[in-house]
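Just so we're clear, the structure is a prediction, and the values are computed from it rather than from any experiment.
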Amino acid sequence: MRLAYRLVTATAAALLLAGCSPLGQGTGSSSGDGDRGSGTEGSVGKASFDNNTKPIVKGTFDSPEAQGAKVDIAIMGLKVKGKLATLTVQFVPHVPGAQPNQINAYGLNGERGLDTSLIDPVNLKRYVVVKDSSGRELQTDDIFTHMTNDQPTSSFYTFAAPPDSVKSIDVQLGNWPTFRDVPVER
């Protein structure tokens, strides 16, 4: 019983030292007028995710995956945060006779990578997907992200953000036609 008491006491002490209160309240002082004390809690934004439910632009295109195969592609948004821009794309494959979990963007594009890019026709620049410190591209994998026939699958691609003066940009996905004038959300 003494060991359990010591464990509870040690845990409470560690929480207090870490700046936590057992009641879930911060340990910063409060002046009673809404001031949160000297903590930086008020300067941090709320966590969120991109959740565009309506496409900005969409189209249906042929796919070499199988005879009669088509794919619906919808650009859901291009959102800038800091120095990065995230493109959200939704694919809906329509592949006759497809086996479950055997459809991917690589196959829909004729067994080629999508090489997704942003094209700035005003500043004459092409933006490619950025890489992390391990050399991996910050995008949804074209091969290992499996799609279900006739069901939407979202993909994400991260680029260096275009300059503030760029209000819209063209998006190139695989061998399909270019999506023109996609608005840049800031």
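- Minimum heavy-atom separation, E65 to G107: OE1-C, 2.7 Å.
- One N or O on the side chain of Q172 and one on the backbone of G174 form a donor-acceptor pair closer than 3.5 Å.
- For residues 113-123, every residue pair satisfying the side-chain hydrogen bond (donor to acceptor under 3.5 Å, both in side chains) rule, not counting sequence neighbours, is listed here: D120-N123.
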- prompt: Do T145 and M147 pass the side-chain contact (heavy atoms from CB on, under 4.5 Å) test, and can you show the C-alpha distance, the side-chain angles, and the key distance before you say yes or no?
  reply: CA-CA 7 Å; T145 302; M147 300 178 189; 5.5 Å; no
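- Scanning for side-chain contact (heavy atoms from CB on, under 4.5 Å) contacts around A98 gives V95, I103, N149, with sequence neighbours left out.
- For D181, there are no side chain to side chain donor-acceptor pair (under 3.5 Å) partners at least two apart in sequence or on another chain.
- Residues L114 and F91 have side chains in contact (heavy-atom distance under 4.5 Å, counting atoms from C-beta outward).
- With sequence neighbours left out, P183 forms a side-chain contact (heavy atoms from CB on, under 4.5 Å) with I56.
- In this structure, CD1 in I119 is found 7.5 Å from CZ in R126, a value given to the nearest 0.5 Å.
- The hydrophobic cluster containing I143, built from Ile/Leu/Val/Met/Phe/Trp/Tyr side-chain heavy atoms closer than 4.5 Å, also comprises Y106, F144.
- As a member of the Ile/Leu/Val/Met/Phe/Trp/Tyr network built from side-chain separations under 4.5 Å, L84 groups with V130, L138.
- The list of salt bridge (charged side-chain N to carboxylate O under 4.0 Å, His left out) pairs with a residue in residues 84-113, not counting sequence neighbours, is empty.
- Looking at residues two or more places apart in sequence or on another chain, you find no side chain to side chain donor-acceptor pair (under 3.5 Å) involving Q102.
- Cluster membership for I73 and V92, using ILVMFWY side-chain heavy atoms within less than 4.5 angstrom, is not shared.
- Residues meeting the salt bridge (charged side-chain N to carboxylate O under 4.0 Å, His left out) test with K70, sequence neighbours left out: D62.
- Between D72 and K58 there is no side-chain heavy-atom pair separated by less than 4.5 Å.
- The hydrophobic clustering, which links ILVMFWY residues whose side-chain heavy atoms are closer than 4.5 Å, places V171 and F61 together.
- Pairs engaging residues 130-152 under the salt bridge (charged side-chain N to carboxylate O under 4.0 Å, His left out) rule: D132-R136 [sequence neighbours left out].
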Which donor-acceptor pairs under 3.5 Å do side chains of residues 153-169 form with protein atoms, sequence neighbours excluded?
from	atom 1	to	atom 2	distance (Å)
D164	OD1	R186	NH1	3.3
K167	NZ	D164	O	3.0

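- Checked against side-chain contact (heavy atoms from CB on, under 4.5 Å), V57 has the following partners two or more places apart in sequence or in another chain: I75, F179, V182.
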